[in-house]
Amino acid sequence: MFRASAADGEITGVHPDRNDANPSPVLGNIPGSVRHRSRIAGPAVRRGWLENGPGPCDLRGNDEFVAVSWDELTDLLATELRRVVDTFGNEAIYGGSYGWASAGRFHHAQSQVHRFLNCLGGYTRSVDSYSTGATSVIMPHVVGAHWKMFSRSTSWDVIAANTDLLVAFGGVPVKNTSINHGGTSNHPTQDALTALRARGGKIVTISPLRDDMTGAATWLAPIPGSDVAVMLGLAHVLATENLHDTAFLDTYCTGYDRFERYLLGHSDGIPKSAAWASGISGLAEQTIVDLAREMASHRTLVTVTWSLQRVKSGEQAPWMGLTLASMLGQIGIPGGGFGHGYGSMNEPGLAPVPYPLPTLPQGINPVSTFVPVAAVSDMLLHPGDECRYNGRRLTYPDIKLVHWAGGNPFHHHQDIGRLRRALARPDTIVVHDPYWTPMAKHADIVVPSTTSLERSDISCTRNDPLLVAMHPAVPRFADARDDYDTFAAVAEKLGVAEEFTEGRTSGEWLRHLYRQWQGYLASAGVTTPTFDDFWVDGSFRMSTEDGLTLLGDYRKDPVAAPLRTPSGKIEIFSEVVDGFGYDDCVGHPAWYEPDEWLNGERAEAFPLHLIANQPRTRLHGQLDHGATSQASKVQGREPIRLHPAVAGAYGVADGDVVRVFNDRGSCLAGVVVDDGMLERVVQLSTGAWYDPEDPSDTASMCKHGNPNVLTADVGASSLSHGCTGQHVLVQIERYDGELPPITAFDPPTIVTRTRIG
Ligand SMILES: Nc1nc2c(c(=O)[nH]1)N[C@H]1C(S)=C(S)[C@@H](COP(=O)(O)OP(=O)(O)OC[C@H]3O[C@@H](n4cnc5c(=O)[nH]c(N)nc54)[C@H](O)[C@@H]3O)O[C@H]1N2
Ligand SMILES: Nc1nc2c(c(=O)[nH]1)N[C@H]1C(S)=C(S)[C@@H](COP(=O)(O)OP(=O)(O)OC[C@H]3O[C@@H](n4cnc5c(=O)[nH]c(N)nc54)[C@H](O)[C@@H]3O)O[C@H]1N2
Ligand SMILES: [Mo]
């Protein structure tokens, strides 16, 4: 959350809340963003689509656009939606439209597109997220909850005051706590870690990158992807030295005995000992033994970042982390137990608001067809094929029209070459975005959206006390429109205006949503200002549930507050998961060798392990052209961090450019040498806008440094099909050729009607 200053229709400065302990550096990207040359100035249609009509086309991403009027755009969009619905049915529309957009409860782009498509009779939807694709499927089986693991996590205050030993798998990267869904008014993570240390608490950070933890900590760096083996090694020490809490396991968990047979090697002949874990992870056996003993003798919090589940077999790290914490028996005790997502987002550790938030109703989707969100290319390429998901067999629908509003697949999806081939299949692709992102450049119908800086909205989020009146900071840019107004106009042409708008303008919707929310709070005995007072005051402070301990209620009374699992307990062995019969996700947490890891066969050809993590300098691909993001680039390319030994071996130094490649693709990146990482690990964050050297070639090198040209488009397992983009094996070479100019932020060629005759 910030205040903006503006002049001449542009943001000139941003000012975080006075009380914010550690404001987000990402805000530095906002000044200058509204009138940036990459803004979409008006409606546009891809020339080939306009001339030849809808149909599969591999010119997408390599064609000119034609500027059209809003009337024409609305007509074309309405006619095409009608054609697809009448000819193929609503299932042929993919409205999964995954991704972030901007803060604000009403103009939230996904809610808008889903509500609109529901008014038209529905759409094929996506389920789960790129953030927690594996967690969101496994955790409901294991603890009967998914998002509550984060939103009702043990608060930072409780951790700072009670935790003696924080064992953080993936560290607690403060860079990621810049961000929260819907906005955030305070960033307490850094201070909480400092307070914990000041009290004498100790931190062990387990990560390939040292700076995933700031401040004093013991740093252990197992090879990426081996954490589950390390956790098993720790568990083996607990079990064999009788340091595990059998009373907790008996009372609060089910299936420990089944898991223990695997742990001790009774079921497969392989004891998962510290020595075994050492062989897999590269950590010393004694280090694992000592850590296990230390964990058993202290108030210990085991945390796992979301990145650990954004890999092959991603279900296992959170499941095994919880199992390890269960063996320590401290779940539900202040400062002990388990945490998932500290340092992944600002939300975990912050106190939740105990009532609902203002929400735009999305309506009901009459189409039941869905796909796991990270199966988008599979779905587009292979209609009719089957996909295994959480005990079901799904059939991919035959998608004719893709409707995207909010989100950028060229940021979020893996194997961009394959994604481009998939995007060539449908008849029509519609993209709403404020900017000419690579996704907008691959669209047939381009809808110019406003940004949150140009419209009125209400911002708030589950774990933040402030409800904020978002006043427009600048007038609308050029011919951009609010997504709501676009959908309302198309709904009008299609005869569903009343259903979509309910007769309200966007201003009237804000009042309506606010009043509805006031009603909820009134029934909870909370008085709130009138909308007009709220709008003038600028914010309203809600109460929060402070001092939470994750699963504290369950610990207090497991009978009165059972978990929503079949047994009502923590399921270390899940009969349900076991019953699915998947060989890549059995009924208890287990070690599965990944494809993309340094001890595997692929490492012979591609000997470096690339970590494609979240960027410190921006939110995903958003505002990559902003000052903070641009300041980090090396010769205009996204920075890749290399260990000095690797830099030496490849003959490169700070400021050089390398070509990063594997059998899926290649990109350029700018070298930053850093000894704070495991050797043979290289780090290239996501978010550089995809910038192919030759746009006609789906395998073309990305000049800018988007790691998703390299990542594998495979799901985490048959259970979740979660995103696995965090890890990929690569090779690098020094790039001595002439550096091609960055063109990612240039709009495509836009011709006027007269020129095409
Ligand atoms: N390799 C690899 N890939 C990853 C990850 C990884 O760890 N490694 N992480 C994954 C994760 S966790 C995530 S969440 C995804 C993120 O992927 P996305 O959420 O798809 O990425 P963003 O760049 O945030 O895309 C948001 C888009 O919304 C647009 N937008 C902003 N405001 C509005 C609006 O009002 N209306 C409309 N119509 N559009 C708007 C922005 O301009 C931007 O283009 O990436 C995933 N991809
Ligand atoms: N500044 C900023 N913050 C963000 C975002 C952003 O784009 N920018 N995106 C937000 C979103 S949508 C999400 S979902 C969250 C994502 O939150 P996460 O997925 O947790 O974030 P990442 O930065 O991808 O990964 C965290 C760290 O995990 C470490 N790691 C990677 N692989 C391994 C491994 O195998 N073992 C161990 N032990 N550690 C490993 C990496 O060193 C990495 O820095 O971040 C959010 N926060
Ligand atoms: Mo995410």
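To the nearest 0.5 angstrom, Gln316 atom CD is 9.5 Å from Thr323 atom OG1. Atom-to-atom distance recorded for Arg293:CZ and Ile288:CD1 is 12.5 Å, nearest 0.5 angstrom. Between Lys148 atom NZ and Ser153 atom OG the span is 13.0 Å, to the nearest 0.5 Å. With values rounded to the nearest 0.5 angstrom, Glu679 atom CD is found 11.5 Å from Leu642 atom CG. With rounding to the nearest 0.5 angstrom, the CG atom of Leu729 is 9.0 Å from the CG atom of Leu610.
Note: Trp591 and Trp597 meet the aromatic proximity criterion, with ring centroids under 6.0 Å apart. Between Tyr130 and His412, the distance from one ring center to the other falls under 6.0 angstrom. Ring centers of Phe580 and His141: under 6.0 Å apart, within the cut-off.
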TODO: With side chain to side chain donor-acceptor pair (under 3.5 Å) as the test, would you mind laying out the steps for His411 and Thr686 before giving the verdict?
DONE: CA-CA 7 Å; His411 175 273; Thr686 61; 3.0 Å; yes
- [ ] Show your reasoning for whether side chain to side chain donor-acceptor pair (under 3.5 Å) applies to Thr711 and Asn708.
- [x] CA-CA 5 Å; Thr711 49; Asn708 276 327; 2.8 Å; yes
Task: Worked check of side chain to side chain donor-acceptor pair (under 3.5 Å) between Gln414 and Thr724 - done: CA-CA 8 Å; Gln414 284 54 67; Thr724 61; 5.7 Å; no
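Between Asp713 and Ser377, the shortest heavy-atom distance links the atoms OD2-CB, 3.3 Å.
Side-chain atoms of Gln683 and Ser685 form a donor-acceptor pair, as typed in the model, at a separation below 3.5 Å.
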Residues 215-234, side-chain donor-acceptor partners within the protein, below 3.5 Å, at least two apart:
unit_1: Trp219; atom_1: NE1; unit_2: Ser207; atom_2: O; d: 2.7
unit_1: Ser226; atom_1: OG; unit_2: Ile223; atom_2: O; d: 2.7

Side chains of residues 247-259: which donor-acceptor partners sit under 3.5 Å, not counting sequence neighbours?
unit_1: Thr251; atom_1: OG1; unit_2: Ala247; atom_2: O; d: 2.8
unit_1: Tyr252; atom_1: OH; unit_2: Arg555; atom_2: O; d: 2.6
unit_1: Tyr256; atom_1: OH; unit_2: Glu260; atom_2: OE2; d: 2.9

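Figure legend: cation-pi geometry between Lys312 and Tyr592 absent, as NZ or CZ is not positioned both under 6.0 Å from the six-membered ring centre and within 45° of its axis.
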